[in-house]
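So the structure is just underneath, and the comments pick up after that.
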Amino acid sequence: MARIGYARTSTTDQNLAAQIAALRNAGCEVIREEQKSGASLEGRPQLMTILDFIHAGETLVITRIDRLARSLRDLQVIVDRLKAKGAHLVATEQPVDTSTAAGKAFFDMLGVFAEFETNLRRERQAEGIAAARKRGIYKGRPPKIDRAEILLRLQKGQGPSKIARDLAISRGTVYQVRNGASE
């Protein structure tokens, strides 16, 4: 039966070549690749195409579980979709084969660690931002809305709906600016 490869990196700065070579060595004739974050299943059309079109008896092949998803919930969603179609999941660098009980158990453990790693990274990032704010060197991203423009339009008598439509923002943002809420 067919083996379909999936390669992913988080950014375009990272190289997919090693994953693609490993997937070809694993017998994958079709390999879909994308450079998107694994933090969510959103915005990953190549993976969704595989999950939509994989057939019974076929196998989705990846190099490592963290290439598939970074949350246990997303991993379980993927495996459930594969299972519903009668397809399997295999990782080339980890002993994962969801067609066996032991492989499924190991898969779940790897998913827990992938999610743990993501959560640790988020905590370190939040701590770094808090420390930078304390030192006064973190400014955050520049504001996306022009508060002065909103206030000017309100003074001219324009309604929140028209302002929101014209500036491509939500009415709630217009109300927040009108009521003096901070960004």
Side-chain angles (χ1 to χ4, degrees), residues 1-100 102-133 135 137-142 144:
M1 281 294 179
R3 294 171 69 89
I4 302 163
Y6 176 72
R8 181 194 66 80
T9 60
S10 295
T11 67
T12 55
D13 296 338
Q14 296 171 310
N15 192 336
L16 289 165
Q19 288 181 58
I20 292 170
L23 294 172
R24 287 199 196 290
N25 287 339
C28 298
E29 294 178 13
V30 175
I31 297 173
R32 294 202 171 255
E33 56 190 80
E34 58 194 350
Q35 296 188 295
K36 306 279 184 176
S37 170
S40 168
L41 294 177
E42 299 287 323
R44 295 169 63 190
Q46 298 300 318
L47 177 60
M48 290 302 121
T49 298
I50 293 171
L51 295 176
D52 288 343
F53 294 103
I54 198 164
H55 296 100
E58 293 182 333
T59 303
L60 170 58
V61 182
I62 54 175
T63 55
R64 294 186 319 269
I65 294 301
D66 64 351
R67 300 299 87 205
L68 199 55
R70 291 281 188 173
S71 83
L72 182 58
R73 184 170 182 264
D74 288 344
L75 289 170
Q76 289 175 336
V77 166
I78 292 167
V79 169
D80 286 346
R81 286 185 67 178
L82 293 171
K83 189 176 178 182
K85 292 192 161 207
H88 303 287
L89 173 69
V90 169
T92 61
E93 296 178 17
Q94 296 163 326
V96 172
D97 181 351
T98 59
S99 65
T100 66
K104 176 78 172 94
F106 190 71
F107 171 80
D108 286 345
M109 286 188 289
L110 289 174
V112 167
F113 286 114
E115 185 171 326
F116 178 65
E117 180 185 334
T118 299
N119 290 336
L120 280 179
R121 189 180 44 202
R122 285 183 181 150
E123 283 181 10
R124 286 191 302 263
Q125 182 181 17
E127 290 169 2
I129 289 171
R133 278 192 176 139
R135 292 190 313 264
I137 58 173
Y138 182 81
K139 305 290 183 205
R141 65 179 172 192
K144 291 182 177 178

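It should be emphasised that the depicted structure is a prediction, and the values quoted were computed from it without experimental measurement.
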Working to the nearest 0.5 angstrom, can you tell me the gap between Leu72 CG and Thr118 OG1? 11.5 Å
Those residues that, when tested against Asp66, pass salt bridge (Lys or Arg N to Asp or Glu O under 4.0 Å) (two or more places apart): Arg64, Arg70
Can you tell me if Arg121 has over 12 outside heavy atoms packed within less than 6.0 Å of its CZ? yes
Between atom OG1 of Thr59 and atom CD1 of Ile54, what is the distance when rounded to the nearest 0.5 Å? 7.0 Å
Which side-chain N or O atoms in residues 42-50 pair as donor and acceptor under 3.5 Å with protein atoms at least two apart or in another chain?
residue, atom, partner, partner atom, Å
Arg44, NE, Tyr6, OH, 3.4
Arg44, NH1, Ser40, O, 3.2
Arg44, NH1, Leu68, O, 3.1
Arg44, NH2, Tyr6, OH, 3.1
Arg44, NH2, Leu68, O, 2.6
Gln46, OE1, Arg32, NH1, 2.7
Thr49, OG1, Pro45, O, 2.8

Hey, could you give me the CD/NE2 distance between Glu58 and His88, rounded to the nearest 0.5 Å? 10.5 Å
Atom NZ of Lys85: over 12 foreign heavy atoms under 6.0 Å: yes
Separation between CZ of Arg81 and CG of Asp52, rounded to the nearest 0.5 Å: 5.0 Å
If we ignore hydrogens and angles and just use 3.5 Å, is the side chain of Gln35 paired with the main-chain N or O of Gln14 as donor and acceptor? yes
Smallest separation among heavy atoms of Ala17 and Asn15, with atom names: N-OD1, 2.7 Å
Checking Ile78 against Leu41 for the side chain to side chain contact (heavy atoms under 4.5 Å, CB included) test, could you report, in this order, the C-alpha distance in whole Å, the side-chain angles of both residues, the deciding distance, and whether it holds? CA-CA 9 Å; Ile78 292 167; Leu41 294 177; 3.7 Å; yes
Nearest heavy-atom neighbours spanning Ser37 and Ala39: OG-N, 3.0 Å
Please tabulate, for side-chain N and O atoms in residues 19-28, each donor-acceptor pair with protein atoms closer than 3.5 Å (sequence neighbours left out).
residue, atom, partner, partner atom, Å
Gln19, OE1, Arg8, N, 3.1
Gln19, NE2, Arg8, O, 2.9
Asn25, ND2, Ala21, O, 3.4

Calculate, to the nearest 0.5 Å, the distance between atoms OG and CZ belonging to Ser10 and Arg67 respectively. 5.5 Å
Please step through side chain to side chain contact (heavy atoms under 4.5 Å, CB included) for the pair Ile62 and Gln94, ending with a clear verdict. CA-CA 10 Å; Ile62 54 175; Gln94 296 163 326; 6.0 Å; no
Go through the steps to decide whether Arg122 and Asn119 satisfy the test side chain to side chain contact (heavy atoms under 4.5 Å, CB included), and finish with yes or no. CA-CA 5 Å; Arg122 285 183 181 150; Asn119 290 336; 3.9 Å; yes
Look up atom CZ in Phe106 and atom OG1 in Thr100, then write down how far apart they are to the nearest 0.5 Å. 11.5 Å
